[in-house]
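I have placed the structure first, in the form of structure tokens, so that the comments after it can refer back to it.
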2 protein chains.
Amino acid sequence: MRSTLALIARNVGVSSMTVSRILSGKGHLYRPETREKVLAEARRQQYRPNSFAKAIRARQFGTVALIAASDMEFGWISPGLQNGILAELNKNDTHLIINYLPLSRVTPGRPLPRLLREWSVDGLLLNHMSALTPEITALIREGGLPAIRCNVREDTDAVYPDDFGGAVAAVEILRKAGHKRIGYFTLHPPFAHFSYIDRYDGYVRAMTESGLTPQLFRAELKLSLAEQELAATEWLKRAGRPTAVVTPLSGDVSSVFAAAAKLGLRVPEDLSIITFDEDRLDHGHGRFDYMALPTEELGREAVRMLQEKIEQSNKLLPARCLPCTYRCGLSVGPPPITKRFNRRKLS
Amino acid sequence: MRSTLALIARNVGVSSMTVSRILSGKGHLYRPETREKVLAEARRQQYRPNSFAKAIRARQFGTVALIAASDMEFGWISPGLQNGILAELNKNDTHLIINYLPLSRVTPGRPLPRLLREWSVDGLLLNHMSALTPEITALIREGGLPAIRCNVREDTDAVYPDDFGGAVAAVEILRKAGHKRIGYFTLHPPFAHFSYIDRYDGYVRAMTESGLTPQLFRAELKLSLAEQELAATEWLKRAGRPTAVVTPLSGDVSSVFAAAAKLGLRVPEDLSIITFDEDRLDHGHGRFDYMALPTEELGREAVRMLQEKIEQSNKLLPARCLPCTYRCGLSVGPPPITKRFNRRKLS
DNA sequence: TTGAAAGCGTTACCAA
DNA sequence: TTGGTAACGCTTTCAA
């Protein structure tokens, strides 16, 4: 049976207010004798306060929700983002409820998840894996809950990584290493997202502003894996082929690497690679150079903004755009000696 | 201002019970006229029930917690596991609170997170990224909450993947492809975990039972990335070098692949690779063959078990061990023609 | 067809 | 130093 203040009070022979105060740190007001008896009985019963009852009294939930909004049937929340959010929330003993929300469910017909139908949290964090739709914007506004949007490039109430700047920085790193023929390599993206576009735009901008020519490889969706690899191989052995590539997704790396290996091109001696990724434990143990997305800081900042909104009755906040960080690996080096490289026959 | 039943009731001029019943689907008991008025006012006020108040009345939280227990300061929950858990919980409109729990915080001195100090959930899912400690076992038992442990090999109240069987299956796949010299390749693991050991044990068992000789490469922790790669290269060019490797972590793949590429060994023509991973969107777009961990099903099963425990007053449940699934990629093929391969000089 | 009262487990407030 | 009362927002139960 669950223990309550009333139960302890009855057993000890005091009022439940006495118990309440002693157990919530106001014990100095009481006689040591009373205090001891209450504490002992609470311990005996393994008393733990009911946080929902507290929340009702306090008129705030002490809870925030993180919703993964996407085009897909399931959600995806980056571990770094999640950790950043939790780290910041834990400072205030705030709970985090998570759920995913397929955007297809945000239409007049379909029922919303309980999280949005009922009143259960003080604020909302939305993680966007696809573009913002008018429906979801309306949903949030109508809900009246303070909300911060993560990973979506909006002017207000949003936090997102500087993907454009990350791509520019990647090109700069390769340029400083001596590369001029820098390609952009990507298979098909698993979902549509602003960052995927911004990375390419950043690449093109950095290239043209340096007077270099962008060269893009983009595998078509309908091709099989083997066909994609073949196409990649063709692209890598063209005359004027790149000595370095930027890829927007870490999943692209093994493809370009495999294609290069098939041609006998070594990384980084013959081909340098920079990709995008979040900092994580299993990222090839640092084999590849990458632009690290500021996922953890994104989470922390989102929480700070949300807390500000909760305190200041949902006031509009300017968005924050956080920079990527270059992580050195083993996949970037100087370009090969040009003449020999160009003359080399690739089978 | 938040809307409540009482507020609507006052505005319409009925009792709050009337409002409560009409808004919770028992409207047919009332005159259409009353019903309409109440519904209109509720809509106007954007009424949403307070789920904490409901929970208090119902004497259950309608909420479950997922705690990521690990040796590290932060947590790691596999996206598949999380999705499986959410998918199953959403069937009953149950909320999921997540948090991480560094095992160092489970000692008499340090304060526990609110989730464990207070009473906020009906049950607990524990995701273990390290071995179970006596402290955490005691903590859970004392807490008195129904709990299921994920990713830990225990006899009761647990769900975990069959890593041993997965490794056995991986060896079988390579054997059937014709390989006899099958190696085991791993850098240092990011954390200690039963699965890491079980995979190796499964590999050794499958090899010896087939009359083959295990050969292990394991990079030492203190080596730099470049030194690890050098060591891997040495291992791959020994006489009697493997024609296929099993690696327990997907992060190992790029290392063995890179080392092979340095030697001019192609995948899969000269070297086949099978790794372990969970099904995910960005897994090299299917480049590598892997044994897929049943993470999503693990989550679903954990929730089903937990719900059973919650209903049946925390009764002990036998553990469940779920099989891995082979996912075909482009990294497994027949072994190279032996004589030529053996004679070939690798620089 | 509708309502009043009681209670879920807390805590703020006022009184003793 | 201690206790009674009321209230947070909801639903069950009983009564009209």
Side-chain angles (χ1 to χ4, degrees), chain A residues 1-39 41-42 45-63 93 95 114 117-122 144, chain B residues 1-39 41-42 45-63 93 95 114 117-122 144:
Chain A
M1 206 48 223
R2 287 184 204 179
S3 152
T4 65
L5 292 180
L7 200 60
I8 297 174
R10 182 138 35 88
N11 284 3
V12 175
V14 292
S15 99
S16 66
M17 266 322 297
T18 301
V19 181
S20 170
R21 280 191 280 248
I22 290 179
L23 292 183
S24 44
K26 282 148 205 152
H28 57 275
L29 298 170
Y30 289 84
R31 300 210 314 272
E33 190 186 321
T34 319
R35 214 177 51 203
E36 285 316 318
K37 272 194 296 188
V38 166
L39 287 174
E41 179 64 11
Q45 296 194 20
Q46 308 234 59
Y47 171 77
R48 285 185 298 155
N50 181 315
S51 74
F52 279 27
K54 280 176 109 146
I56 287 233
R57 255 311 335 212
R59 319 195 85 232
Q60 68 164 13
F61 297 102
T63 306
D93 266 353
H95 282 167
R114 175 157 78 106
R117 253 177 15 231
E118 301 188 344
W119 202 261
S120 331
V121 293
D122 300 318
Chain B
M1 205 51 221
R2 286 184 206 178
S3 149
T4 65
L5 291 182
L7 201 59
I8 297 174
R10 182 137 35 87
N11 284 2
V12 175
V14 292
S15 96
S16 67
M17 262 324 296
T18 301
V19 180
S20 170
R21 280 191 282 246
I22 290 179
L23 292 183
S24 45
K26 281 147 205 151
H28 58 275
L29 297 172
Y30 289 85
R31 299 211 317 271
E33 190 188 320
T34 319
R35 213 176 51 202
E36 285 316 318
K37 273 193 295 187
V38 166
L39 287 175
E41 179 65 11
Q45 296 195 20
Q46 308 235 55
Y47 173 78
R48 285 184 299 155
N50 182 316
S51 75
F52 279 28
K54 280 175 109 149
I56 287 235
R57 257 307 336 216
R59 315 192 91 230
Q60 67 164 9
F61 298 101
T63 306
D93 265 352
H95 282 166
R114 175 159 77 107
R117 253 175 17 230
E118 300 188 345
W119 203 262
S120 332
V121 293
D122 300 318

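Letters go in sequence order (proteins before strands), and every chain restarts at 1. Note: hydrogens, waters and symmetry copies are ignored here, and every other heavy atom, side chains too, is used.
Distances were taken from every side-chain heavy atom of A:R21 (C-beta onward) to each of C:dC13, C:dA6, C:dG3; the shortest belongs to C:dC13.
The phosphate of D:dC10 (OP1 or OP2) has no side-chain N or O of B:S20 nearer than 4.0 angstrom. Contact annotation: B:S16 does not reach the phosphate of D:dC10 (side-chain N/O to OP1 or OP2, under 4.0 Å). In this structure, B:R59 reaches the C:dG9 phosphate: one of its side-chain N or O atoms is under 4.0 Å from OP1 or OP2. OP1 and OP2 of C:dG9 both lie 4.0 Å or more from every side-chain N or O belonging to A:T4. Within the 4.0 Å cut-off from OP1 or OP2 of C:dT10, at least one side-chain nitrogen or oxygen of A:Y47 is found. For B:S15, no side-chain nitrogen or oxygen approaches OP1 or OP2 of C:dA4 to under 4.0 Å.
We find that CD of A:E33 is positioned 8 Å from P of D:dT2, with the value rounded to whole Å. Residue B:M17 contributes atom CE, which lies 12 Å from atom P of C:dT2 at whole-angstrom precision. Rounded to whole Å, atom C1' of C:dG7 lies 13 Å from atom CD1 of A:I56.
Contact annotation for A:S24: no contact, since no heavy-atom pair falls under 4.0 Å across all strands. Note on A:R31: only backbone sugar-phosphate atoms sit closer than 4.0 angstrom, heavy atoms only; bases stay farther off.
Side-chain atoms of A:T63 and B:F52, non-hydrogen and from C-beta on, do get closer than 4.5 Å to each other.
Each of A:R48 and B:Y30 has a nearest nucleotide on DNA chain C; the 5'-most of these lies closest to B:Y30.
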